[in-house]
Q: 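Okay, here's the structure, questions in a sec.
First the proteins, then the strands, lettered A, B, ... as listed; each starts at 1.
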Amino acid sequence: MNDLDLPASNFIRDLILSDNANGKYNGHVHTRFPPEPNGYLHVGHAKSIMLNFGLAEEFGGKCNLRFDDTNPAKEETEYVESIVEDVKWLGADFGGRLLYASNYFQQLYDWAVELIKKGKAFVCDLTSEQVRQTRGTLTEPGQNSPYRDRSVEENLDLFARMKAGEFPDGSRTLRAKIDMASPNLNLRDPVMYRILHADHHRTGNHWCIYPMYDWAHGQCDSIEGITHSICTLEFEDHRPLYDWFLEQLGVFHPQQIEFDRLNLTYTVLSKRKLLQLVEQGVMEGWDDPRMPTISGMRRRGYSPQGLRHFARSLGVSKTNGITEFEKLEYYIREDLNRTALRVMAVLRPLKLVLTNYPEGQVEFVEAVNNPEDAGAGTRSLPFSRELWIEQDDFRETPPKGYYRLYPGNEVRLRYGYIIKCHDVVKDPATGEIKEVHCTYDPQTRSGQQTRKVKSTIHWVSAAEALPVEVRLYEKLFTVENPNESPEGADFTTYLNPKSLEIVHGKAEPSLAKAQPGDRYQFERLGYFCADKLTDAGRLVFNRTVELRDTWAKIQKQR
RNA sequence: UGGGAGGUCGUCUAAUGGUAAGACUGCAGACUCUGGAUCUGCGUAUCGGGGUUCGAGUCCCUGCCUCCCAGCCA
């Protein structure tokens, strides 16, 4: 996980530095990454993972992977499995510390009994509706529950019976006895346990009462000896409660630190919304390559290294900001540029005939596998009279600034020869261009010192070309921030109808050996990753990210 | 409106009382058998108003704006 660059300075590191200087926690740093298994991980989690695991590593400490599985109604084993896979894929090392809040249910229960005995918690018979009505508002204090002053004995008895399953869901709760007039609503006698006769993915039906987040989290941190419990901004006003429980119990007291969650332009990063897209069938699944999930990005071709570098580059602060998607793409390209094998593929084929090239002849030309990596070697490509080129690389009447192929113009075929266009064959009925006819200059074979031409285009020999299905992805949403919908508009209103386009192209023969997950650069087009659908009989590629395209930019300006 | 947290280039961050810096984006150019990569250059910022100080993005006062909180979700 130790990647490149010195991680940027941030306030959490500074805080740890000062803790260590003061001897707090004896210089130990132990963090944790605590997802709830109610969905798949997304890039925002990658930021948290890098922060937690990165800080631990930097200070010679440890980081636990802990599932916050306190709500059986929303959690599933499928999610646990996907999360473990994603965390590992990102390269985070939890060293066997795969933990669950549910491991501590008994301890949590015992501690709750302790608080009851201290008169700090009580069983409340109010319905959730009544609790809501007596909570007060932002500006008005709440009212005490009529059950607030039950005797310790009665509370103990009732709580034991809650656990024993005597009462139906929602009929009672265990509440902390704090202050119904607190300006912090979290302190208005918060619920610690609710009754839920539900099957838990790990504890089955052993329990029918489940701890709330606030009651579970800090105590789990304490049990695990977490020193720095890093969470997102929305938990800031939970911190007094986090501290309160720990103080009442008199146990090891980790400190909660809040930072800003990641927001990205042109996508949504909330499990609720992502779930909605999956359930409505808008996306193929959690791993749809358009999803900002780790599994979606993996399928799309993003590399763990690229994602890590991106996450590292993110600032850690308390500002509510939105990071530009372009920044993510930059780090993905940067990594893929160094590692991806180059290959030639034509997405929208146009037939090119070299009229002075002998019919039936095939020769082989040598191509560099990765100009950024001499060790990647070379491969040979068949070259012949009939080739496929990109439709975009030919114009019958070239626009200003176009220096690809057009009648009378010369271009180089990458790793091949310089060719000159002399004719265009059209469908007499539709006027559609069917073939482009050129002559090649035998003196200009690649590797020799020859004259220069303005443009080099990619190609594939028609006879040997492999059919490929290529999925071209665009931004998922049409607006930078789909969350900011004016009056009633649902975020799905801004889904980009063109976020997926499937084309059928032609690829060089070497791609026959592509395995799912293999990443390539299709020269001049972008980075592509073999999809999981790829097998011996079918080649399916996902476009990971386009290459920077100066020409496209010039065209756009006009 | 009560409480909590924030406001530095277009975006994200740095500057810890001492020359406002970097990255992404954008623009311009060089180079190029990828209009890629690489290289060079350019541009724009301390929310407003007071104050303290030799000196304020940083400290104080005040105003404005943004985000979070009224789940038996996390």
Q: Out of B:A74, B:G71, B:U32, which nucleotide sits closest to the side chain of A:Glu234?
A: B:A74
Q: Of the options B:G35, B:A74, B:G36, whose atoms approach the side-chain atoms of A:Glu372 most closely?
A: B:G36
Q: Whom does B:A20 pair with, Watson-Crick or G-U wobble, provided both distances fall under 3.5 Å?
A: none
Q: Determine if A:Tyr213 stacks with B:A74; use a centre-to-centre distance below 5.5 Å and an interplanar angle below 30° as the criteria.
A: no
Q: Can you classify the ring geometry of A:Phe235 versus A:His238 as parallel (below 30°), tilted (30 to 60°) or perpendicular (above 60°)?
A: perpendicular
Q: When you measure from the side-chain N and O atoms of A:Thr550 to the phosphate of B:G36, is any distance below 4.0 Å, counting only OP1 and OP2?
A: yes
Q: Across all strands shown, which nucleotide pairs with B:U46 by Watson-Crick or G-U wobble geometry, both distances under 3.5 Å?
A: none
Q: Who does B:G35 pair with, Watson-Crick or G-U, both distances under 3.5 Å?
A: none
Q: In whole Å, what separates the C1' atom of B:G17 from that of B:C60?
A: 13 Å
Q: Which part of the nucleic acid does A:Leu241 contact within heavy-atom distance under 4.0 Å: base, sugar-phosphate only, or nothing?
A: nothing
Q: Please verify the inter-ring angle class for A:Phe477 with A:Phe491; under 30° counts as parallel, over 60° as perpendicular, anything in between as tilted.
A: tilted
Q: Just N and O in the side chain of A:Arg445: are any of them under 4.0 Å from OP1 or OP2 of B:C33?
A: no
Q: Going by modelled atom types, is there a donor-acceptor pair between the base of B:A23 and the side chain of A:His309 at under 3.5 Å?
A: no
Q: Using a heavy-atom cut-off of under 4.0 Å over every strand shown, decide if A:Arg548 touches base, sugar-phosphate, or nothing.
A: sugar-phosphate
Q: Using the C1' atom as the point on both nucleotides, what is the distance between B:C54 and B:C68, in whole Å?
A: 42 Å
Q: What's the gap between B:U62 and B:A23 when it is taken at their C1' atoms, as a whole Å value?
A: 36 Å
Q: Phosphate oxygens OP1/OP2 of B:A74: is one of them under 4.0 Å from a side-chain N or O of A:Arg194?
A: yes
Q: Mind checking the C1' distance from B:G2 to B:U52? Whole angstroms is fine.
A: 32 Å
Q: Do any side-chain nitrogens or oxygens of A:Arg412 fall under 4.0 Å of OP1 or OP2 in B:G35?
A: no
Q: What integer number of Å spans the C1' atoms of B:U58 and B:A14?
A: 13 Å
Q: Can you tell me the distance, in whole Å, between the CG atom of A:Asp237 and the C1' atom of B:C67?
A: 12 Å
Q: Quick check, are the ring centers of A:Trp551 and A:Tyr402 under 6.0 angstrom apart?
A: yes
Q: Under 3.5 Å between N/O atoms: give me all the protein pairs with nucleotides 10-12 of chain B, atom names plus distance.
A:
from  : atom 1 : to       : atom 2 : distance (Å)
B:G10 : N2     : A:Glu324 : OE1    : 2.8
B:U11 : O4'    : A:Glu324 : OE2    : 3.2
B:U11 : O3'    : A:Ile322 : O      : 3.3
B:U11 : O2'    : A:Ile322 : O      : 3.0
B:C12 : OP1    : A:Ile322 : N      : 3.1

Q: To the nearest Å, how far apart are A:Leu233 CG and B:C67 P?
A: 13 Å
Q: Is A:Phe235 touching bases, backbone alone, or none of the nucleic acid, heavy atoms closer than 4.0 Å?
A: base
Q: Determine the interplanar angle of the A:Tyr109 and A:Tyr193 rings, folded into 0 to 90°, and report it as parallel if under 30°, tilted if 30 to 60°, perpendicular if over 60°.
A: perpendicular
Q: Any cation-pi pair here, A:Lys420 with A:Tyr440, using under 6.0 Å and within 45°?
A: no
Q: Please confirm whether A:Phe67 and A:Tyr79 have ring centers closer than 6.0 angstrom.
A: no
Q: What nucleotide among B:A74, B:G4, B:C33 has an atom nearest to a side-chain atom of A:Glu236?
A: B:G4
Q: Is the base of B:G26 syn or anti, where syn means the angle lies within 90° of 0?
A: anti
Q: Whole-Å distance between B:A30 C1' and A:Lys454 NZ?
A: 12 Å
Q: If you take atom types as modelled and just measure distance, does the side chain of A:Arg524 reach the base of B:G35 with a donor-acceptor pair under 3.5 Å?
A: no
Q: Between B:G55 and B:A37, how many Å separate the two C1' atoms, rounded to a whole number?
A: 46 Å
Q: Could you walk me through whether A:Arg261 and A:Glu234 pass the salt bridge (Lys or Arg N to Asp or Glu O under 4.0 Å) test, one step at a time?
A: CA-CA 9 Å; A:Arg261 68 165 62 242; A:Glu234 66 269 30; 2.5 Å; yes
Q: Out of B:C27, B:G3, B:A5, which has the shortest distance to the side chain of A:Lys553?
A: B:C27
Q: Using purine N1 to pyrimidine N3 plus N6-O4 or O6-N4 for Watson-Crick, or N1-O2 and O6-N3 for G-U wobble, each under 3.5 Å, what pairs with B:G71?
A: none
Q: Measure centre to centre between the rings of A:Phe541 and A:Phe522, then say whether the value is under 6.0 Å.
A: yes
Q: Across all strands shown, which nucleotide pairs with B:A28 by Watson-Crick or G-U wobble geometry, both distances under 3.5 Å?
A: B:U40
Q: Does any non-hydrogen side-chain atom of A:Ile332 lie less than 4.5 Å from one of A:Phe310?
A: no
Q: Is there a donor-acceptor pair closer than 3.5 Å between any side-chain N or O of A:Gln443 and the backbone N or O of A:Thr450?
A: no
Q: For B:G10 versus B:U1, give the span between their C1' atoms, rounded off to a whole number of Å.
A: 35 Å
Q: Could you state the atom-to-atom distance from CE of A:Met180 to C1' of B:A70 in whole Å?
A: 10 Å
Q: OP1 or OP2 of B:C33 sitting under 4.0 Å from any side-chain N/O of A:Lys452?
A: yes
Q: How far, in whole Å, is B:G6 from B:C61 if one measures between their P atoms?
A: 16 Å
Q: Take A:Ser455 and A:Val316, find for each the nucleotide of RNA chain B with the closest heavy atom, and name the residue whose nucleotide sits nearer the 5' end.
A: A:Val316
Q: Please give the nucleotide sitting opposite B:A5 as a Watson-Crick or G-U wobble pair, both distances under 3.5 Å, or none.
A: B:U66
Q: Between A:Leu413 and A:Asp69, just flag the one whose closest nucleotide in RNA chain B comes earlier from the 5' side.
A: A:Leu413
